[in-house]
2 protein chains.
Amino acid sequence: MELNVTAMLRDKGFKVTPQRLAIYHMLASTKSHPSAEMVFNELQPVYPTMSLATVYKTMEILEEIGLVQVLNAGEDSFRYDANTSCHPHIRCLCCGKVEDLEGINSEAFVKNVEKSTPYRITGQQFYFYGTCPKCQANVS
Amino acid sequence: MELNVTAMLRDKGFKVTPQRLAIYHMLASTKSHPSAEMVFNELQPVYPTMSLATVYKTMEILEEIGLVQVLNAGEDSFRYDANTSCHPHIRCLCCGKVEDLEGINSEAFVKNVEKSTPYRITGQQFYFYGTCPKCQANVS
DNA sequence: GTTCCTGCAAAAGGTTTGCAAGTAC
DNA sequence: GTACTTGCAAACCTTTTGCAGGAAC
């Protein structure tokens with residue numbers, strides 16, 4: 001699923017830096033939908049001088065060139081996903097993790113909305129909220 | 001669509017104050033999904049001493065007792081909606097307004113998700129992004 | 001060599017908190 | 001009279017910005 005970041009950055013006139021590659025590779029190799037700070041902490045051991053500001057600036061570029069989508073599942077901070085396909089997310093209200101909902105086909109729903117609104121639709125986000133299996137087990 | 005706030009507040013052990021009533025009535029009478037600051041500004045002429053902090057504290061209570069739902073359509077701030085039914089929202093990426101998507105039945109989609117995930121689902125939010133008719137007209 | 005990028009620190013913007021005075025009941 | 005609420009100001013947290021030094025090309 002990992003795309004050629006180097007080519008895509010160059011193509012749009014952005015420079016290719018180790019920081020940008022590291023951030024993208026980290027995102028592309030996780031399913032945890034990390035926030036900027038999580039990415040920062042994860043990369044800290046390998047890039048001890050990297051700053052949070054660089055993470056934010058890089059995310060903006062990656063979003064602009066279509067390599068990353070930005071999520072906000074009702075938390076205080078944004079999360080980032082290198083899987084830019086249209087897929088719903090679910091957040092556990094107990095432990096806070098955000099996961100992909102796999103195997104859901106939302107195409108019909110989107111088509112339905114496109115047909116019934118005068119807006120020109122360019123994107124969508126579906127968020128579900130609940131309790132994950134692990135947290136259900138812990139409570140009961 | 002306006003519910004009996006007074007009774008619902010008392011019922012949960014919260015006191016009924018003019019500020020709380022004003023905030024709920026303002027929310028219940030608009031379709032604009034205002035942020036805390038928009039509510040604050042709107043009430044300013046009538047309640048010149050009300051503080052932003054009161055708006056936030058009230059929203060938290062109103063959400064807790066199920067009179068308000070909190071939205072985050074990918075903006076910097078949260079928005080509030082006194083219509084707590086499950087309905088999708090759409091944000092115009094050009095002018096920034098957030099509207100309800102009317103006449104969309106998302107029940108089948110939700111059922112589908114509930115069937116295919118091990119999570120216990122307690123809520124959901126659907127956000128669409130695009131260009132509203134007015135902004136489309138302005139550009140072309 | 002030029003242009004763009006990084007990292008730092010400071011600023012900004014939205015939201016929360018602590019607390020003394022005030023209000024609901 | 002008690003318990004909760006308000007409004008203010010300060011604190012907090014995430015994100016953005018300005019800028020000097022540094023890296024990509």
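Reminder, nothing fancy here: chain letters follow the sequence lines and each chain counts from 1. No hydrogens, no waters, no symmetry mates; every other heavy atom, side chains included, goes into these values.
Across all strands, P18(B) comes closer than 4.0 Å only to sugar-phosphate atoms, never to a base (heavy-atom distances). S77(B) comes within 4.0 angstrom of the backbone, heavy atoms only, and of no base.
As rounded to whole Å, 13 Å separates atom C1' of dT14(D) from atom CG of N72(B). In this entry the distance linking OH of Y47(A) with P of dC8(C) reads 15 Å, nearest Å. When the P atom of dC13(D) is taken as reference, atom CE of M38(A) falls 15 Å away, rounded to whole Å. Atom CD in E63(A) sits about 13 Å away from atom P in dT15(D), given to the nearest Å. For the pair E75(B) CD and dG14(C) C1', the computed distance is 12 Å after rounding to whole Å. In this entry the distance linking CZ of F40(A) with P of dT14(D) reads 13 Å, nearest Å.
Few gaps surround CD on Q44(A); more than 12 heavy atoms of other groups in view lie less than 6.0 Å from it. Within a 6.0 Å sphere centred on CD of E42(B), heavy atoms belonging to other residues, nucleotides or ligands number 12 at most.
If you check distances only, the side chain of K57(B) does reach the base of dG18(C) with a donor-acceptor pair under 3.5 Å. The base of dT3(C) sits with one of its N or O atoms less than 3.5 Å from a complementary donor or acceptor on the side chain of K15(A).
In the set dT16(D), dG7(D), dC25(D), dT16(D) carries the atom at the smallest distance from any side-chain atom of Y56(A). When distances run from any side-chain atom of S51(B) to the nucleotides dT5(D), dA24(D), dG7(D), the shortest one goes to dG7(D). Nearest to the side chain of D76(A), among dT14(D), dT5(D), dC25(C), sits dT14(D). Of the candidates dG7(D), dG7(C), dT6(D), dT6(D) carries the atom nearest the R20(B) side chain, counting heavy atoms from C-beta on. Listed nucleotides: dT5(D), dG7(D), dC25(D). Nearest to the side chain of R10(A): dC25(D).
Axis deviation across the helix from dG1(C)-dC25(D) to dC25(C)-dG1(D) amounts to 40°, comparing end segments of five pairs, rounded to 10 degrees.
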